[in-house]
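Shown next, in structure tokens, is the structure this report addresses.
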Number of protein chains: 2
Amino acid sequence: MTCRVISYGERMSRWAPDAALRLERAALELFTEQGYAGTSVPEIATRAGLTTRTFFRHFPDKREVLFLRERELPAVVASLVAGAPAFLSPLGIVMHGFEAMAAGMFEGWRPDLQARRAIIGSDQGLRERELLKNVLLAGVITEALAGQGVGGREARLVARYGVLVFEIALTDWLDSDSDTFPDVLHSTAYRMGQLVRPARQDE
Amino acid sequence: MTCRVISYGERMSRWAPDAALRLERAALELFTEQGYAGTSVPEIATRAGLTTRTFFRHFPDKREVLFLRERELPAVVASLVAGAPAFLSPLGIVMHGFEAMAAGMFEGWRPDLQARRAIIGSDQGLRERELLKNVLLAGVITEALAGQGVGGREARLVARYGVLVFEIALTDWLDSDSDTFPDVLHSTAYRMGQLVRPARQDE
DNA sequence: GCCGTGATGACACGGAGTGACGTCGTCATC
DNA sequence: GATGACGACGTCACTCCGTGTCATCACGGC
């Protein structure tokens, strides 16, 4: 059960590399095969060639294994917000940041994200965790906006609103097979704005 | 351990009444005394004069004991939305519903709600559950709006937006000791609207 | 060649949550 | 009034999640 690496190319260590990635792959396989609730952490660890204790060293709990890819997302968005052009409105800064991030990270991932979303949608605890991730993201954006000179209360409102638009746009994008994500993001932002403050007489 | 009722006025049954309420009260006391993570379900059940198994018959999990009072909230809001005056905009319907509900349910609860919110804020799992409750509430509102003739996509956007405004307003109201909740709700809605679509030339 | 570091294995443990079954008042029916 | 269904709770046994602690072993620096 020690899982020594017999031969792995040039460099070999005592342990196979990328334990977290192996755990994530094993978890995704098992979750799609037999469901999230139907697979235990020991199963995941065993398939990855590791032990249960090691799983919890890489992930604070069972749900977190599904969010490995998004770990750096808050930092990315924060840096994009921090480097946004100064002439934009607060909301423009946030949406611009989402757009830039989505172009760089999401374009090739649609199938993976769809599979992952099916798993998350099947379990209440996973949806809860996803919602918390969104709120945490909003918190990071709030701080980044404050660093751009946006007032604290205004920054919080804009961040929460922007994350909400992003969340809905992501859902719609994954549901529709043809559109591109920036387009969905734009149209979602536009439609939401219309509903919040209907325009007087433009089309 | 059977907790027979010795004497309870006219009608007496084998078990003391209001098991769920007793569990809620015991949980609130213990959580404020020694923290959420520091109290176990057996402790709560024992203080309420019940067993662990009975706790889980009344609440699907440990977190849920903090949301007993809000169980009927989705139904209340849904009925308010369903009975809203027809001349209102979709968002007007939702905000009107929140206002009516808040007037009837929240006014006397501020101290209780503040204590509860301190507990929820101290634990990640509780914040996650609270976020899920909000999204579930948005889902119910979406259906109620659809019953009022609002299109599905539009209803979803309005519901999520309205719940977001409500959530932020509730937080601000509990933070400030003087304001009344409808006022905070109004001002939050107004400020959020300003940020989403800045007006051209009004102040 | 020695030692610090870092990742992992091995073991033990408490708490969350569930399934199955037993107990005993309450209520309706006869 | 006796009987049986019903409902709320107790009791027991179990799995799984998550954590603390210590031992093990490769690697890199000296």
Side-chain angles (χ1 to χ4, degrees), chain A residues 1-24 26-27 30-31 34-68 123-126 128-129 132, chain B residues 1-24 26-27 30-31 34-68 123-126 128-129 132:
Chain A
M1 195 64 67
T2 48
C3 187
R4 283 190 142 78
V5 177
I6 311 298
S7 141
Y8 193 77
E10 49 272 30
R11 218 86 191 89
M12 64 196 62
S13 77
R14 175 146 85 117
W15 314 108
D18 295 330
L21 282 174
R22 270 157 48 215
L23 286 166
E24 187 211 20
L30 287 167
F31 291 164
Q34 52 194 21
Y36 175 78
T39 85
S40 66
V41 174
E43 278 180 291
I44 300 169
T46 300
R47 178 169 293 201
L50 296 166
T51 62
T52 303
R53 192 66 188 85
T54 298
F55 177 95
F56 287 109
R57 269 192 274 259
H58 286 276
F59 305 100
D61 57 44
K62 182 183 170 186
R63 306 166 196 78
E64 207 69 14
V65 74
L66 277 168
F67 298 90
L68 176 63
D123 184 86
Q124 170 180 310
L126 291 173
E128 292 180 351
R129 179 57 50 86
L132 182 72
Chain B
M1 197 62 69
T2 47
C3 188
R4 282 190 144 77
V5 177
I6 310 300
S7 143
Y8 193 76
E10 49 272 28
R11 224 80 190 90
M12 63 196 59
S13 77
R14 176 143 85 118
W15 313 108
D18 295 330
L21 282 174
R22 271 156 49 215
L23 286 166
E24 187 212 19
L30 287 166
F31 291 163
Q34 51 194 24
Y36 174 79
T39 85
S40 66
V41 174
E43 278 181 291
I44 301 169
T46 300
R47 177 168 294 202
L50 296 167
T51 61
T52 304
R53 194 67 187 85
T54 298
F55 178 94
F56 288 109
R57 269 192 274 261
H58 286 276
F59 305 101
D61 57 44
K62 182 183 171 186
R63 306 165 198 74
E64 206 69 15
V65 75
L66 278 168
F67 298 91
L68 176 63
D123 184 87
Q124 171 179 308
L126 290 174
E128 292 179 351
R129 179 57 51 86
L132 183 71

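Worth knowing before you read on, the calculation uses all heavy atoms, side chains too, and leaves out hydrogens, waters and symmetry mates. The chains referred to below are lettered A, B, ... by the order of the sequence lines, with proteins before strands, and numbering in each begins at 1. Not measured: the values here are computed from a predicted model.
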Between [atom2] on [N] and [atom1] on [X], what's the gap in Å once rounded to a whole number?
{"X": "A:Phe55", "N": "D:dC17", "atom1": "CZ", "atom2": "P", "value": "9 Å"}
{"X": "B:Ile44", "N": "C:dA16", "atom1": "CD1", "atom2": "C1'", "value": "11 Å"}
{"X": "B:Asp61", "N": "C:dG15", "atom1": "CG", "atom2": "P", "value": "17 Å"}
{"X": "A:Arg22", "N": "C:dA7", "atom1": "CZ", "atom2": "P", "value": "14 Å"}
{"X": "B:Phe56", "N": "C:dA20", "atom1": "CZ", "atom2": "P", "value": "18 Å"}
{"X": "B:Gln34", "N": "C:dG15", "atom1": "CD", "atom2": "P", "value": "11 Å"}
{"X": "B:Phe59", "N": "C:dT18", "atom1": "CZ", "atom2": "P", "value": "14 Å"}
{"X": "B:Glu43", "N": "C:dG14", "atom1": "CD", "atom2": "P", "value": "14 Å"}

Answer whether the closest heavy-atom distance between the side chains of [X] and [Y] falls below 4.5 Å.
{"X": "B:Arg57", "Y": "B:Arg53", "answer": "yes"}
{"X": "A:Leu66", "Y": "A:Arg129", "answer": "no"}
{"X": "B:Arg63", "Y": "B:Glu128", "answer": "no"}
{"X": "B:His58", "Y": "B:Leu50", "answer": "no"}

Check whether any side-chain N or O of [X] sits under 4.0 Å from OP1 or OP2 of [N], and answer yes or no.
{"X": "A:Thr54", "N": "C:dG9", "result": "yes"}
{"X": "B:Arg63", "N": "C:dG17", "result": "yes"}
{"X": "B:Thr51", "N": "D:dC9", "result": "no"}

Q. Nearest nucleotide by nearest heavy atom, which residue falls closer to the 5' end of DNA chain D, B:His58 or A:Pro60?
A. B:His58
Q) Can you find a donor-acceptor N/O pair under 3.5 angstrom joining the side chain of A:Arg57 to the base of C:dG6? A) no
Q: Would you kindly compare B:Pro42 and A:Arg53 by the position of their nearest DNA chain C nucleotide and give the one closer to the 5′ end?
A: A:Arg53
**Q.** Donor-acceptor contact present, side-chain B:Asp123 to main-chain B:Leu126, <3.5 Å
**A.** yes
Q.
What's the closest nucleotide to the side chain of B:Ala19 if the choices are C:dG17, D:dC17, D:dC9?
A. D:dC9
